[in-house]
Amino acid sequence: MTLEEIINYRRSVRHYKKQPIDEQKVKHCIELATLAPNSSNLQLWEFYHVINPEILMKIATACLNQESATTAQQIVVFVTRQDLYRKRAKKMMELETQNVLKNSPTLKQEKRVKSWKMYYGKIMPFLYVRFFGLFGIFRKIIVNIIGLFRPIVYQVSENDMSVVVHKTCALAAQTFMLAMANENYDTCPMEGFDSRKVKAILKLPYGAEINMIISCGIRDEQGVWGDRMRIPFDEVYKKV
Ligand SMILES: Cc1cc2nc3c(=O)[nH]c(=O)nc-3n(C[C@H](O)[C@H](O)[C@H](O)COP(=O)(O)O)c2cc1C
């Protein structure tokens, strides 16, 4: 399929055939999902590939027994891990330093390494740290002052940063669904779930959040509910 055909093929499937799907192919689609663009390349995500029938059943119950979950052959839970920001920032600092040493002209290396240290060592921890909303308020005050003198990003509250982490994870989820369509496999993204139950089933730590749960399988004849409907394009397309 061409990319356009893949995009057209992907539908949210609510009922799957009782036909197994290849675990390795799904795993490969998750690997492709990690290539999605993501904020500051911090990759604050994790992917739980559920194939164990007992756990599948528990997750389906936590997905409010939606048919898409109860008939799924496998399920992938997309999880955000904002709490890992220090660890991931440290890793990115190492990788960017190696990248500079490998690819930058010798004269520019020192300055570039220093700026990555600043970015991942100071700015990222400052933006991602959380403490009951208080750090977010502090950040807001600072950016509002700086904003008087130059353009700046204002979305730095603790809620804003949570949105950043979730939108990044959603891009991985979409990449995964397209990769699955490329394998002629079907999916359905779900936000109708009991997050506490899912966290308990997967034994996730306090700082983890569920972004989306994606059921997987092969569509049944009645698996797609009706035609694809979209708001007329003219209503959403604004030429500037
Ligand atoms: C964030 C998100 C959450 C969704 N949650 C559910 C859900 O809980 N259950 C469900 O059946 N579909 C869910 N959907 C699927 C949408 O209903 C579906 O994408 C939309 O109707 C458009 O249909 P299409 O995906 O076939 O193009 C969700 C989609 C997204 C993006």
Side-chain angles (χ1 to χ4, degrees), residues 1-38 45-80 166-202 204 208-233 235-236:
M1 283 193 275
T2 64
L3 179 61
E4 189 161 345
E5 285 164 345
I6 291 167
I7 291 169
N8 278 307
Y9 177 81
R10 187 213 60 78
R11 292 295 314 273
S12 292
V13 168
R14 275 51 181 254
H15 200 105
Y16 299 99
K17 286 184 178 167
K18 282 198 181 87
Q19 186 180 331
I21 55 174
D22 185 338
E23 179 190 327
Q24 291 310 317
K25 282 188 183 169
V26 177
K27 187 177 173 189
H28 180 59
C29 293
I30 299 174
E31 269 185 85
L32 292 175
T34 67
L35 301 182
N38 67 92
W45 52 34
E46 278 177 350
F47 312 98
Y48 290 77
H49 182 183
V50 184
I51 46 169
N52 176 313
E54 238 174 79
I55 303 181
L56 271 175
M57 231 163 64
K58 285 185 186 166
I59 299 268
T61 308
C63 288
L64 320 178
N65 277 319
Q66 295 190 53
E67 228 173 286
S68 185
T70 55
T71 63
Q73 290 293 319
Q74 297 178 24
I75 282 179
V76 182
V77 182
F78 284 70
V79 173
T80 66
H166 276 274
K167 65 186 170 188
T168 266
C169 197
L171 290 176
Q174 171 68 348
T175 305
F176 170 72
M177 289 186 279
L178 293 179
M180 288 285 280
N182 187 45
E183 299 285 353
N184 277 110
Y185 283 170
D186 289 297
T187 53
C188 182
M190 289 176 286
E191 62 189 351
F193 51 76
D194 180 327
S195 60
R196 286 188 196 170
K197 285 205 165 53
V198 178
K199 280 182 79 169
I201 296 163
L202 299 177
L204 297 178
E209 287 176 9
I210 316 290
N211 173 256
M212 232 181 279
I213 297 183
I214 302 191
S215 60
C216 311
I218 294 169
R219 67 183 74 177
D220 192 66
E221 286 75 35
Q222 311 297 322
V224 176
W225 288 348
D227 295 339
R228 197 170 225 171
M229 287 172 296
R230 290 295 187 263
I231 305 287
F233 187 62
E235 247 183 77
V236 295

- Query: Can you find a pair of side-chain heavy atoms, one from Asn184 and one from Tyr9, that are under 4.5 Å apart?
  - Reply: yes

- Message: For a 4.5 angstrom cut-off between non-hydrogen side-chain atoms, does Gln222 reach Arg14?
- Response: no

- Query: Can you check side chain to side chain contact (heavy atoms under 4.5 Å, CB included) on Val77 and Ile210, steps first, answer last?
  - Reply: CA-CA 7 Å; Val77 182; Ile210 316 290; 3.8 Å; yes

- By ring-ring contact (aromatic ring centres under 6.0 Å, His included) - contacts of Phe193 (at least two apart): none

- Go through the steps to decide whether Tyr16 and Gln74 satisfy the test side chain to side chain contact (heavy atoms under 4.5 Å, CB included), and finish with yes or no. CA-CA 10 Å; Tyr16 299 99; Gln74 297 178 24; over 6 Å; no

At what distance, to the nearest 0.5 angstrom, does [atom1] of [X] lie from [atom2] of [Y]?
{"X": "Ile59", "Y": "Tyr48", "atom1": "CD1", "atom2": "OH", "answer": "11.0 Å"}
{"X": "Ile201", "Y": "Glu54", "atom1": "CD1", "atom2": "CD", "answer": "11.5 Å"}
{"X": "His15", "Y": "Thr71", "atom1": "NE2", "atom2": "OG1", "answer": "5.0 Å"}
{"X": "Ser215", "Y": "Gln66", "atom1": "OG", "atom2": "CD", "answer": "8.0 Å"}
{"X": "Thr61", "Y": "Asp194", "atom1": "OG1", "atom2": "CG", "answer": "10.5 Å"}
{"X": "Met57", "Y": "Thr70", "atom1": "CE", "atom2": "OG1", "answer": "11.0 Å"}

- Query: Got a sec, which residues hit side chain to side chain donor-acceptor pair (under 3.5 Å) with Gln73, two or more places apart in sequence or on another chain?
  - Reply: none

- Return yes when atom CD1 of Ile231 has more than 12 non-hydrogen atoms of other residues, nucleotides or ligands closer than 6.0 Å, and no otherwise. no

- Answer yes or no: are there more than 12 heavy-atom neighbours, outside Lys199 itself, under 6.0 Å from its atom NZ? yes

Which pair of non-hydrogen atoms, one from [X] and one from [Y], has the smallest distance, and what is that distance?
{"X": "Cys216", "Y": "Ile214", "answer": "SG-O, 3.6 Å"}
{"X": "Ala62", "Y": "Val198", "answer": "CB-CG2, 3.7 Å"}
{"X": "Arg228", "Y": "Ile7", "answer": "NH1-O, 3.4 Å"}
{"X": "Met190", "Y": "Cys63", "answer": "CE-SG, 4.1 Å"}
{"X": "Trp45", "Y": "Ala172", "answer": "CZ3-CB, 3.7 Å"}
{"X": "Val79", "Y": "Ala208", "answer": "CG1-CB, 3.8 Å"}

- Qualifying salt bridge (charged side-chain N to carboxylate O under 4.0 Å, His left out) pairs, either residue in residues 4-13, two or more places apart: none

- Task: For the residue pair Phe78 and Phe176, categorise the inter-ring angle as parallel (less than 30°), tilted (30 to 60°) or perpendicular (more than 60°).
- Result: tilted

- Can you check whether Val13's main-chain N or O pairs, donor with acceptor, with Ser68's side chain at less than 3.5 Å? yes

With a cut-off of 3.5 Å and sequence neighbours excluded, list every side-chain donor-acceptor pair involving residues 18-34.
{"residue": "Asp22", "atom": "OD1", "partner": "Gln24", "partner atom": "N", "Å": "2.8"}
{"residue": "Thr34", "atom": "OG1", "partner": "Glu31", "partner atom": "O", "Å": "2.5"}

- Task: Check the pair Ile75, Leu56 against side chain to side chain contact (heavy atoms under 4.5 Å, CB included), reporting the backbone distance first and the verdict last.
- Result: CA-CA 7 Å; Ile75 282 179; Leu56 271 175; 3.7 Å; yes

- By salt bridge (charged side-chain N to carboxylate O under 4.0 Å, His left out), which residues pair with Glu209, not counting sequence neighbours? Arg130

- Quick one: list whatever passes salt bridge (charged side-chain N to carboxylate O under 4.0 Å, His left out) with Lys167, sequence neighbours left out. none

- Query: Passes side chain to side chain contact (heavy atoms under 4.5 Å, CB included), Thr168 versus Asn211? Steps please.
  - Reply: CA-CA 10 Å; Thr168 266; Asn211 173 256; over 6 Å; no

- Message: By the definition side-chain contact (heavy atoms from CB on, under 4.5 Å), identify the one residue from Glu46, His166, Met212 that meets it with Thr80.
- Response: His166

